There are 2 protein chains.
Amino acid sequence: MTAITTIENKPEKTRERGIDRVLKLLAYLNERGNPVRVAELPKALGAPRSTIYELVRVLTESGVLELSGDDNKVYFGKLIYLYGINYLRENDLVRRGSAEVDALSKLTGETSELCMLHRNRQAIVHSHSGSRPLRISSEVGGQIPLPWTASGRLLLAQMTSSEIEALLSPEDMILPNKKLVAVADFVADCIGARGSDIVASTGLISSFTQCLASPIRGLMGKFLPPFVWCCRWMFMATGWRS
Amino acid sequence: MTAITTIENKPEKTRERGIDRVLKLLAYLNERGNPVRVAELPKALGAPRSTIYELVRVLTESGVLELSGDDNKVYFGKLIYLYGINYLRENDLVRRGSAEVDALSKLTGETSELCMLHRNRQAIVHSHSGSRPLRISSEVGGQIPLPWTASGRLLLAQMTSSEIEALLSPEDMILPNKKLVAVADFVADCIGARGSDIVASTGLISSFTQCLASPIRGLMGKFLPPFVWCCRWMFMATGWRS
DNA sequence: TGGCGTTGTCTGGTATATCGGACAATGATC
DNA sequence: GATCATTGTCCGATATACCAGACAACGCCA
């Protein structure tokens with residue numbers, strides 16, 4: 001469910017600092033969402049082969065990345081997971097939000113998820129699948145195009161039209177059912193979601209699916225900077241019980 | 001529950017690559033387990049002030065780290081969390097292990113935790129608190145001295161005596177009740193745990209507490225390299241029901 | 001079996017990141 | 001108000017990381 005993008009391979013002869021390359025490498029792996037062959041990283045990241053092999057060596061030695069499989073694929077390692085759960089110790093939002101999502105899912109029997117805006121996608125931070133035999137859910141860590149869901153509209157509700165348009169890529173405007181979402185319509189939906197406590201969408205990901213999304217606000221009703229969080233429910237329309 | 005260590009500040013005039021400094025910085029924050037003032041990092045990491053301020057700037061800009069509070073403290077950012085949950089997509093062990101831990105906790109009513117060996121500590125990867133009014137648990141992400149628990153003994157069971165001794169620091173041999181664990185006794189416990197399916201300890205962290213630990217093995221009964229995983233139960237002795 | 005493309009490692013040159021130290025701003029103390 | 005210690009930024013020198021390109025090994029294909 002994730003789109004693959006390749007970083008522009010500008011043949012400009014500027015050296016790049018190793019740290020910057022590492023950050024891009026991690027972002028790329030996150031964007032891909034699965035292990036990637038080391039050999040394809042130089043081209044994907046627009047970096048020299050020797051540089052990439054050396055960075056991967058350093059990062060796998062430290063445990064930040066791990067090599068897997070027979071064809072020299074690389075992905076996030078357990079150290080990153082360990083560091084990541086440290087984040088929760090100082091950030092109640094994800095912990096409490098996850099607990100609320102679990103509770104909501106049990107209450108309604110439907111898939112509930114905690115999402116955040118990450119770059120130009122929505123990232124699934126926590127997910128609790130519904131209990132009904134037929135249900136839909138996203139994979140935790142996955143990144144979904146914003147135009148596909150009500151939560152996508154809600155996450156962009158506080159932005160200006162030009163800010164919203166800057167985040168959209170042509171391939172993300174195409175729904176899984178191949179239908180095209182008009183940019184103008186999507187922008188209007190986002191702006192229309194402004195100030196709403198709940199936003200709904202129907203039949204975007206597939207027929208009969210509905211998405212309800214609700215913003216997570218900070219104190220005094222303000223959105224948490226940078227306005228990235230929301231809670232959403234994904235369910236088959238036929239099974240909803242209020 | 002974490003011990004604070006400072007990286008040796010050797011005044012050797014060797015420059016250090018930025019990536020290496022970043023990895024040490026992340027490891028230090030993980031070890032500390034809470035936000036740290038940026039100003040104390042140079043000394044803690046044995047690095048020049050300008051270098052550290054620059055690295056922190058780059059990492060906070062990218063979202064890997066976040067600044068918090070009024071006194072310029074830094075800790076892991078949401079990007080690290082996001083990258084970390086990606087790890088789960090390709091690593092069933094943590095996901096299934098966490099589910100098992102949850103199930104075990106519900107079954108027994110006691111605190112259950114998934115742990116791994118990380119450097120010279122045991123790291124709490126997942127925890128599910130018991131349901132009884134009085135219960136003990138560790139904080140996810142926290143790192144606990146190995147001599148304090150049965151799981152510590154189990155995690156080191158496959159090592160040689162000298163390997164075990166190399167991992168022990170004097171301050172970790174002191175229990176929360178101020179009693180000193182003899183290195184020789186601890187090493188004997190570890191070696192004694194070899195091949196066991198379950199290891200128990202009583203009254204280490206506090207009187208009346210018991211810890212049961214069980215190894216997580218790979219196929220063919222082998223420990224998963226590098227033999228880092230186990231599941232443990234922490235409970236008050238008076239409440240145990242088999 | 002030979003040719004080809006890809007992968008992974010290695011090496012020396014040079015562009016620049018790292019560093020020490022200077023300096024200004026800030027807050028605490030006397 | 002002066003002094004002191006600490007913090008955070010800045011700058012030029014230089015140690016070295018980054019890079020292009022060479023090379024060996026490997027697998028695939030005709």
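The basis for the numbers below is simple: all heavy atoms, side chains too, and nothing from hydrogens, waters or symmetry mates. What you are looking at is a predicted structure, and each value in this text was computed from that prediction instead of being measured. Here is how names work: the chains are called A, B, and so on, in the same order as the sequence lines, proteins then strands, and each is numbered from 1.
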Starting at atom CZ of B:Arg57, determine the distance to atom P of C:dT18, rounded to an integer number of angstrom. 11 Å

Protein-nucleotide distance (A:Leu41, atom CG; C:dT6, atom C1'), rounded to Å: 15 Å

OP1 or OP2 of D:dC19 sitting under 4.0 Å from any side-chain N/O of A:Arg21? yes

Length of the CG-P vector between B:Asp20 and C:dC19, whole Å: 10 Å

Without decimals, in angstroms, what is the distance between B:Arg17 CZ and C:dC19 C1'? 17 Å

To the nearest Å, give me how far apart CG (B:Leu23) and C1' (D:dA17) are. 15 Å

Between D:dG8, D:dC19, C:dT7, which nucleotide has the shortest distance from any of its atoms to the side chain of B:Asn72? D:dG8

Side-chain donor or acceptor of B:Thr51 paired with backbone N/O of B:Ala47 under 3.5 Å: no

B:Arg15 CZ - D:dT14 P separation (whole Å): 11 Å

Could you tell me the separation between the CD1 atom of A:Ile52 and the P atom of D:dA20, rounded to a whole number of Å? 11 Å

Would you classify B:Glu54 as touching base, sugar-phosphate or nothing, given that sugar-phosphate means primed atoms plus P, OP1 and OP2, and contacts are heavy atoms under 4.0 Å? nothing

From C:dC19, D:dG8, C:dG8, nucleotide with atom closest to B:Tyr53 side chain: D:dG8

Quickly work out the A:Lys73 NZ to C:dT7 P distance and round it to whole Å. 13 Å

Nearest 0.5 Å please: distance from the CD1 atom of B:Ile144 over to the CG atom of B:Asp172. 11.0 Å

Between A:Gly18 and A:Arg49, which has a closest nucleotide on DNA chain D that is more 5'? A:Gly18

Is any side-chain heavy atom of B:Asn72 closer than 4.5 Å to a side-chain heavy atom of B:Arg37? no

Between A:Ile19 and B:Arg37, which is nearer to the 5' end of DNA chain D once each is assigned its nearest nucleotide? B:Arg37

Minimum heavy-atom separation for B:Asn120 to B:Leu167, with atom names? CB-O, 3.1 Å

Indicate whether OP1 or OP2 belonging to C:dC19 is found under 4.0 Å from a side-chain N or O atom of B:Ser50. no

Just verifying a value: how many Å separate A:Tyr83 OH and B:Leu79 CG, rounded to the nearest 0.5 Å? 15.0 Å

